[in-house]
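Comments concern the structure below.
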Amino acid sequence: MEIKITKTACPKEKPDSSSLGFGKIFTDHMFVMDYSREKGWYDARIVPFGPFEIHPASTVLHYGSEIFEGLKAYRREDGKVQMFRPIENIRRMNSSAERLCLPQIDEDMAMEILKTFVKCEEDWTPSAPGTSLYLRPFMYGNDETLGVHAVHNARFMIIASPVGSYYKEGINPVKIMIEDQDVRAVRGGTGYAKCGGNYAASNRAGERAEQKGYSQVLWLDGVERKYIEEVGAMNVMFKINGEIVTPALTGSILPGITRKSCIEVLKREGYTVSERLLSIDELEKAMADGTLEEAWGCGTAAVVSPIGELSYKGEIFTVNEGKIGDVTQKLYDTLTGIQWGKIEDSFGWICPLD
Ligand SMILES: *Cc1c(COP(=O)(O)O)cnc(C)c1O
């Protein structure tokens, strides 16, 4: 496959690593590739980053056919740049695409695109501790008609943003509100797909929680509002009486790569990890009798985010005295150690650029 590269005539100045937030600054280029049922994927190209035209009837603007991925490139101490389990993101993107009737991208082709693009933007990977180059591949339905059907045309793009350390002021446990009204997803719906629509539907609850001083909501299942699903846009794990419990992937939960990595690390460390249904009643009981030892969210942006306080129907429970727990800390150290190349990657998760 040929990727045509058009370099920008006016490269931007690289930002100071202390001014990096999340997804506010973008690199000099972006990857674009179009799809039609007749031609398949065509016109793979890297072009200067910037706004582009879209047809006012484009499917994505009306019917929300959009999926995305999120992964990072990390700069090691020796200056080399590496990615963390990118093949998992590629496979998940194809699974999301299948759910939304968007086209598949061949795994090898997707990997070649990702590597070529990251190599092109490599200089944008910051080196200050905890910083990285966030990669955002996304795909949308792009038919220029208002008819409702599986699309015939699509576009795939990748943009990249140098991002700051998630924990500039140290790892502070967050306050979480258990959401008992809105739901994020239902089985049979799009919960397991990483699609923009799931986020659009989540915003109201997130906004309400924020207004009450909480940083995220804990989602319950969409049918009975009984089983724990996720926390904000992260997967969630608990340590209850020595057992690590995380909701099973029943269809309404996003199969996080950080979740999967945490499970693999924990199993290797000898912990009992159960992927199972966890009801709010069981969690409430564990909070009340003190057997809830730790709770944390996990996702690419934060790696792990310890939960220090949980509120349910007006009652407030403190987890591990509001401090980060040993298991959460261990996961953070192990995963970030592998990602930034500070500890040996005995799992084979690291993907060097060449
Ligand atoms: C992306 C995402 C996650 C975390 O997935 P990672 O692959 O670990 O980054 C969890 N939940 C939702 C809803 C997500 O969109």
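Values below: every heavy atom of this structure, side chains too, minus hydrogens, waters and symmetry copies. Both counts, for ligands and for their atoms, begin at 1 and track the order of listing. For this chain, numbers begin at 1 and follow the sequence in order. Since this is a predicted model, take the numbers as computed values, not measurements.
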Open item on the list: Checking T291 against D289: is there a side-chain donor and acceptor pair closer than 3.5 Å?
Closed with: yes

TODO: Going by the ring-ring contact (aromatic ring centres under 6.0 Å, His included) test, name the single residue among W340, W349, F347 that passes it with F84.
DONE: W349

TODO: Without swapping roles, check the side chain of R259 against the backbone of M234 for a donor-acceptor pair under 3.5 Å.
DONE: no

TODO: Report yes or no: is the cationic atom of K175 (NZ for Lys, CZ for Arg) under 6.0 Å from the centre of the six-membered ring of Y214, at an angle within 45° of the ring normal?
DONE: yes

If the cut-off is 4.0 Å to any non-hydrogen atom of [X], which atoms of ligand 1 fall inside it?
X: G256; result: 5 (O), 6 (P), 7 (O), 8 (O)
X: R184; result: 13 (C)
X: R92; result: 5 (O), 6 (P), 7 (O)
X: Y199; result: 14 (C), 15 (O)

Task: Plane angle bin for F52 and Y140 - parallel if under 30°, tilted between 30 and 60°, otherwise perpendicular - done: parallel

Task: From R92, R85, K194, residue fulfilling salt bridge (Lys or Arg N to Asp or Glu O under 4.0 Å) relative to E69 - done: R92

Task: Structural part of L254 in contact with ligand 1, heavy atom criterion under 4.0 angstrom - done: side chain

Open item on the list: What I want to find out is whether R184 reaches E230 closely enough, with some N-O distance under 4.0 Å, to be called a salt bridge.
Closed with: yes

Task: Charged N-O contact under 4.0 Å between R208 and E179 - done: yes

To the nearest 0.1 Å, how far is [atom] from its closest protein heavy atom, and which atom is that?
atom: atom 3 (C) of ligand 1; value: A233 O, 3.4 Å
atom: atom 14 (C) of ligand 1; value: K194 NZ, 3.0 Å
atom: atom 11 (N) of ligand 1; value: E230 OE1, 2.5 Å
atom: atom 9 (O) of ligand 1; value: T300 OG1, 2.6 Å
atom: atom 8 (O) of ligand 1; value: T258 OG1, 2.6 Å

- [ ] Return a yes/no value for I257: is any of its N or O atoms, backbone included, closer than 3.5 angstrom to an N or O of ligand 1?
- [x] yes

